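Take a look at the structure below.
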Amino acid sequence: MVAQELLGKHVVHVVRGIERVGRIVEVEAYLGPHDRAAHSCKGLTPRTRVMFGPPGHAYVYLIYGMHHCLNVVTEPEGHGSAVLIRALEPVSNISGKTCGPGLLCKALGVDRTLNGADLLGEQLYIADVNAEDFRINRRPRIGVDYAGAWARRLLRFYIRGNAHVSSP
DNA sequence: CTCGGGATGCGT
DNA sequence: CGCATCCCGAGG
């Protein structure tokens, strides 16, 4: 699954020439319209347009009126799947906490103006790094209790023992 | 545990 | 149009 492959990679956001970098330590997979916890289960709407778009783009949305969440579209166009970045370990030029999806967006300076951004571009991207050895834990996703059987699926992945995971 | 906060999608 | 709901975080 693509979600685990993001663990250990770096998220880079360039702000006024400064690279803000965090190492991905926690993610959740959202599998498509059949996944009742996924935004795409509402179908193709203005909000979910990017999620149904081509892979390698950022899906950024506002939640609870005040926090942003950063996702990576992972599957081919039309599929409607994405991976939510839930926690980072600070690497460079990070100020503020990064142990949660809203917090890490704040620390990186990511907001909805980056919705749809091409992650192969220059401003916001995922950087592969030398694979440090780590083990992966799998758990149910956070905050999706409404999603019936899908709430119990083990689609949350994090680096075992990492101090920056949101709720170990 | 509570509660803020605003967009969204859906029913009317 | 109204309104319940939401992939959260801070504070008690």
Side-chain angles (χ1 to χ4, degrees), chain A residues 1-11 13 20 22-75 77-90 94-117 119 124 126 136-160 162-168:
Chain A
M1 188 167 298
V2 187
Q4 294 101 310
E5 295 172 19
L6 286 172
L7 290 174
K9 293 187 178 178
H10 286 178
V11 178
H13 184 210
R20 301 184 182 182
R23 176 175 177 245
I24 300 173
V25 298
E26 178 181 354
V27 297
E28 283 177 359
Y30 290 86
L31 300 186
H34 55 294
D35 178 354
R36 283 189 52 204
H39 285 174
S40 54
C41 80
K42 300 285 185 186
L44 178 56
T45 67
R47 180 203 203 188
T48 60
R49 188 183 76 254
V50 171
M51 202 172 168
F52 281 97
H57 290 250
Y59 170 45
V60 183
Y61 61 88
L62 184 65
I63 190 69
Y64 301 122
M66 53 187 108
H67 308 295
H68 295 274
C69 290
L70 171 62
N71 300 252
V72 178
V73 179
T74 50
E75 296 291 324
E77 183 161 8
H79 193 106
S81 67
V83 173
L84 170 66
I85 311 294
R86 280 197 59 89
L88 301 175
E89 175 182 325
I94 297 291
S95 61
K97 293 202 276 188
T98 51
C99 54
L103 289 170
L104 72 87
C105 281
K106 189 178 169 199
L108 283 176
V110 166
D111 63 24
R112 276 180 303 168
T113 63
L114 286 162
N115 188 35
L119 294 173
L124 179 66
I126 308 290
I136 297 174
N137 275 14
R138 301 184 58 149
R139 291 290 185 277
R141 293 173 291 184
I142 304 285
V144 297
D145 292 346
Y146 59 88
W150 284 93
R152 278 170 256 129
R153 297 280 304 270
L154 302 180
L155 293 173
R156 171 174 175 244
F157 307 88
Y158 60 88
I159 294 180
R160 185 179 303 176
N162 188 279
H164 300 276
V165 170
S166 63
S167 62

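Predicted, not measured: the structure shown is a model, and the values here were computed from it. Reminder, nothing fancy here: chain letters follow the sequence lines and each chain counts from 1.
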Exercise. So, is A/His39 close to the C/dC7 phosphate, meaning a side-chain N or O under 4.0 Å from OP1 or OP2?
Worked result: yes

For this session: Check the distance between C/dC8's P and A/Asp111's CG and give it to me in whole angstrom.
Result: 19 Å

Exercise. Could you give the CZ-to-C1' distance, from A/Arg47 to C/dC7, as a whole number of Å?
Worked result: 9 Å

For this session: Give the rounded distance in Å between these two atoms: CZ of A/Arg49 and C1' of B/dG9.
Result: 16 Å

For this session: May I have the distance from A/Glu26 (atom CD) to C/dC7 (atom P), rounded to whole angstrom?
Result: 16 Å

Problem set entry | Secondary-structure string, 5' to 3', Watson-Crick or G-U under 3.5 Å, | for another-strand partners, for DNA chain C | ||||||.||||.

Exercise. Quick one: does A/Tyr61 reach the base of C/dC7 with a side-chain donor-acceptor pair under 3.5 Å?
Worked result: yes

Exercise. A/Tyr61 ring centre to A/Arg47 NZ or CZ under 6.0 Å, with the angle to the axis within 45°?
Worked result: yes

Exercise. Is A/Arg141 touching bases, backbone alone, or none of the nucleic acid, heavy atoms closer than 4.0 Å?
Worked result: nothing

Problem set entry | Rounded interatomic separation in angstrom, taking CD1 from A/Ile63 and P from B/dG9 | 11 Å

Exercise. Just how far is it from atom CD of A/Glu26 to atom CG of A/Leu88, taken to the nearest 0.5 Å?
Worked result: 9.5 Å

Problem set entry | Stacking check A/Tyr64 vs C/dC6 (5.5 Å / 30 deg) | no

Exercise. A/Arg112 has a side chain; which of C/dG9, B/dA7, C/dC7 sits nearest to it?
Worked result: B/dA7

Problem set entry | Taking every non-hydrogen atom, the tightest pair across A/Ser167 and A/Ile142 | OG-CD1, 3.7 Å

Seminar exercise, completed: Minimal heavy-atom distance between A/Ile159 and A/Gly8, with the atoms involved, is CD1-N, 4.0 Å

Exercise. Between A/Ala29 and A/Phe157, what is the shortest heavy-atom contact and its length?
Worked result: CB-CE1, 4.3 Å

Seminar exercise, completed: note: A/Leu62, atom CG; C/dG9, atom P; distance rounded to Å ~ 12 Å

Exercise. To the nearest Å, how far apart are A/Lys97 NZ and C/dC8 P?
Worked result: 15 Å

Seminar exercise, completed: Between A/Leu155 and A/Leu31, the two heavy atoms sitting closest are CD1-CD1, 3.9 Å

Seminar exercise, completed: Comparing nearest nucleotides in DNA chain C, the 5'-proximal residue of the pair A/Gly143, A/Lys106 is A/Gly143

For this session: Count the heavy atoms belonging to other residues, nucleotides or ligands that lie under 6.0 Å from NZ of A/Lys9, then report whether that count exceeds 12.
Result: yes

Exercise. Could you state the CE-C1' distance from A/Met66 to C/dT5, rounded to the nearest angstrom?
Worked result: 14 Å

For this session: Give a yes/no answer on whether the side chain of A/Tyr59 brings an N or O atom under 4.0 Å of OP1 or OP2 in C/dC7.
Result: no

